[in-house]
Protein chains: 2
Amino acid sequence: MALDQDRAAGSLYRKVAADLREAITSGSFGEAGRLPAEGALAEQYGVSRGTVRQALALLRADGLVTSRRGTRRVVLGSARVQSFSELLSFTHWARSMGEEPGGRLESLVRRPADAAEREQLRLEPGTEVYVTLRLRTLSGTPVMVERTVYPPRVGELVARLPADVVSHTEPLREHGILFSDADHTIDVVAANADDARLLSCRRGSPLLREKRRTTDPTGTPVEWSQDRYLPGTVAFSIHNSLASSALSRHARDED
Amino acid sequence: MALDQDRAAGSLYRKVAADLREAITSGSFGEAGRLPAEGALAEQYGVSRGTVRQALALLRADGLVTSRRGTRRVVLGSARVQSFSELLSFTHWARSMGEEPGGRLESLVRRPADAAEREQLRLEPGTEVYVTLRLRTLSGTPVMVERTVYPPRVGELVARLPADVVSHTEPLREHGILFSDADHTIDVVAANADDARLLSCRRGSPLLREKRRTTDPTGTPVEWSQDRYLPGTVAFSIHNSLASSALSRHARDED
DNA sequence: CGCCGGAAGTTGGCTGGCCAACTCGGCCGG
DNA sequence: CCGGCCGAGTTGGCCAGCCAACTTCCGGCG
């Protein structure tokens, strides 16, 4: 599945990366084994060394291999859970795990954006936003409460969706709204009354919170969301390295 | 500081990246403005287009810019908190925020590794590990309890360190132990008795947990750590995009 | 037996070039 | 006035080559 997506991506280096990823996770090079040299791979796949290096950069970013100058690459993790090199929606993620995602719209209101929302969505003062509150389920059991703020252009489309539609991002894509980049912030928060009711937990009990701002390929913000997960249902997994990383840790001074 | 580190890194594309990062965060291209074309930048810096593209790949991974085929790159986030493109130790991270990091060793024991630890550190059955429990402070206030498991080679060095040494990674580096790659998993956990005592919170109160396995450049595991943060003190921040990402979300099935 | 030097192998980095795919704006025709 | 076509500009992708830095191993030498 993920492999097919990689292959379907078209570009050569993604195909090479997909093939190598499969070879690694199937243990072809051993638990902590060495990869063939870049040159050897280049010849094997009939591509240039530069293309192989692009492919290997993907695998390195996923934490599958290390690399240092002077010696062959080493396999780091052959048993990674699932290496989405993708920005995945809740729906897509759930499906790729073999679970059945669900979503029930609890409320949808339209109101003027407050200062924080204008800041996040880069809106003019006075602009109205659409705010949704949804309960998300995994194979029937509630796992997450999702509060999303949409700018007008997107919100108008969301408002027209049926209340029982599972995926919001898919119909949005049909209307030309693409999700390209996202910034995530993860912390802990206490359940409020709504959270407690929807997730069947006590008020004040801890929830894993993910704040997310997503932009389209032009850099325009398309959603700002606060997802609150029931502990024990999900965990977030990140890889980083000296070479390059997408993780940063910061003190909380804003909210 | 971060800039100097980037510049000191030597390679051309890192210098270009550092310069562009500064230009972006100082607002030279406007809030959601366009970057100059790759060719223009190449000429400006006197490097090839490929080098510029390497530099821009770093910025894209940090979530500073987008890119699509056909049009100039767009500035995404000019106001990022701190974009360590680095695998940062607690000590380094704290210092770069202007806070004074502290650490007090609560206990250090040596005992046979259990199954999970052997798995994580890739050790033979019967191997002994060193386990430390440390309270970490930020400018005097406790923020985190750190439980770290070291393999023998590393643990022997850690055991010889004075109890009041703030940074463990720095003296380890002097002895040739390098931290290169890390896998992080973030979730929520309830404080146990030790956590509660050290962090001055109630038993069962929620803590943000980061499980981390770090390897050296050869791919050999050098530590496996469980850090438990007091809520409200830190948050984790991640960027990802369709192009490439280091984030994955998975259901909890192991612990 | 141990240490050191050198050679071979490998990745990091950089160049220059080429073409395809895509965006965007302007021009022209209806 | 609107819509579609076209071309310039721009990024994605791929190739071939070159050198530097580094690791590893082996053999010679003390």
Side-chain angles (χ1 to χ4, degrees), chain A residues 6-18 20 29 33-61 65-76 85 176 178 180-181 216-220 241-244, chain B residues 6-18 20 29 33-61 65-76 85 176 178 180-181 216-220 241-244:
Chain A
D6 267 343
R7 291 202 192 286
S11 45
L12 251 179
Y13 76 90
R14 284 180 191 275
K15 290 177 191 163
V16 173
L20 286 174
F29 305 116
R34 309 285 261 264
L35 256 59
E38 294 174 357
L41 290 171
E43 195 177 358
Q44 175 184 334
Y45 286 106
V47 300
S48 78
R49 200 188 137 211
T51 300
V52 170
R53 286 174 63 78
Q54 277 190 76
L56 291 170
L58 285 186
L59 303 186
R60 185 182 50 186
V65 298
T66 343
S67 64
R68 342 172 249 164
R69 178 151 35 185
T71 185
R72 296 252 188 95
R73 281 182 166 77
V74 175
V75 175
L76 265 187
S85 275
L178 299 175
S180 161
D181 287 78
D216 69 9
T218 73
T220 308
S241 73
L242 273 183
S244 145
Chain B
D6 266 343
R7 291 204 192 285
S11 44
L12 251 181
Y13 76 90
R14 285 181 190 274
K15 289 177 193 164
V16 173
L20 285 174
F29 304 117
R34 309 287 262 265
L35 255 60
E38 294 174 356
L41 289 171
E43 194 177 358
Q44 175 186 332
Y45 286 106
V47 300
S48 78
R49 197 186 139 212
T51 302
V52 170
R53 285 174 64 78
Q54 279 191 76
L56 291 170
L58 285 185
L59 303 186
R60 184 182 52 188
V65 298
T66 341
S67 63
R68 331 173 258 164
R69 178 152 30 184
T71 185
R72 296 251 188 96
R73 281 184 165 80
V74 176
V75 175
L76 265 187
S85 276
L178 298 176
S180 161
D181 287 78
D216 69 9
T218 73
T220 308
S241 74
L242 274 183
S244 148

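Residue numbers start from 1 in every chain, and the chains themselves are labelled A, B, ... in the order their sequence lines are given, proteins ahead of strands. When reading the values below, keep in mind they use all heavy atoms of this one structure, side chains included, and skip hydrogens, waters and symmetry mates.
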Given C:dG12, C:dC24, D:dT11, identify the nucleotide with an atom nearest to the side chain of B:Glu38. D:dT11

Starting from [atom2] on [N], measure out to [atom1] on [X] and report it in whole angstrom.
{"X": "A:Arg73", "N": "D:dT23", "atom1": "CZ", "atom2": "C1'", "result": "15 Å"}
{"X": "A:Lys15", "N": "D:dG13", "atom1": "NZ", "atom2": "C1'", "result": "12 Å"}
{"X": "A:Leu35", "N": "C:dT11", "atom1": "CG", "atom2": "P", "result": "9 Å"}
{"X": "A:Leu58", "N": "D:dG12", "atom1": "CG", "atom2": "C1'", "result": "13 Å"}
{"X": "B:Leu56", "N": "D:dG12", "atom1": "CG", "atom2": "C1'", "result": "13 Å"}
{"X": "B:Arg60", "N": "D:dT10", "atom1": "CZ", "atom2": "P", "result": "19 Å"}

Just wondering, do A:Val16 and A:Leu41 contact through their side chains at under 4.5 Å, heavy atoms? no

Check: B:Leu20 and B:Tyr45 side chains under 4.5 Å, non-hydrogen atoms: yes

Would A:Thr218 and B:Arg68 satisfy side chain to side chain contact (heavy atoms under 4.5 Å, CB included), going step by step from the backbone distance to the final call? CA-CA 8 Å; A:Thr218 73; B:Arg68 331 173 258 164; 3.7 Å; yes

Using atom names, set out every protein N or O paired with an N or O of nucleotides 14-20 of chain C below 3.5 Å, distance rounded to 0.1 Å.
residue	atom	partner	partner atom	Å
C:dC14	OP1	B:Leu12	N	2.3
C:dC14	OP2	B:Tyr13	N	3.3
C:dT15	OP2	B:Ser48	N	2.7
C:dT15	OP2	B:Ser48	OG	3.0
C:dT15	OP2	B:Thr51	OG1	2.5

Just N and O in the side chain of B:Ser67: are any of them under 4.0 Å from OP1 or OP2 of D:dG12? yes

For D:dT11, does OP1 or OP2 lie under 4.0 Å from any side-chain N or O of B:Arg68? no

Verify side chain to side chain contact (heavy atoms under 4.5 Å, CB included) between A:Val74 and A:Arg34, making sure each step is shown before the conclusion. CA-CA 5 Å; A:Val74 175; A:Arg34 309 285 261 264; 3.8 Å; yes

Residues two or more places apart in sequence or in another chain: which of them pass salt bridge (Lys or Arg N to Asp or Glu O under 4.0 Å) with B:Arg49?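 By the salt bridge (Lys or Arg N to Asp or Glu O under 4.0 Å) rule, B:Arg49 matches B:Glu38.
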
Is it true that atom CD of B:Gln44 has more than 12 heavy atoms of other residues, nucleotides or ligands lying nearer than 6.0 Å? yes

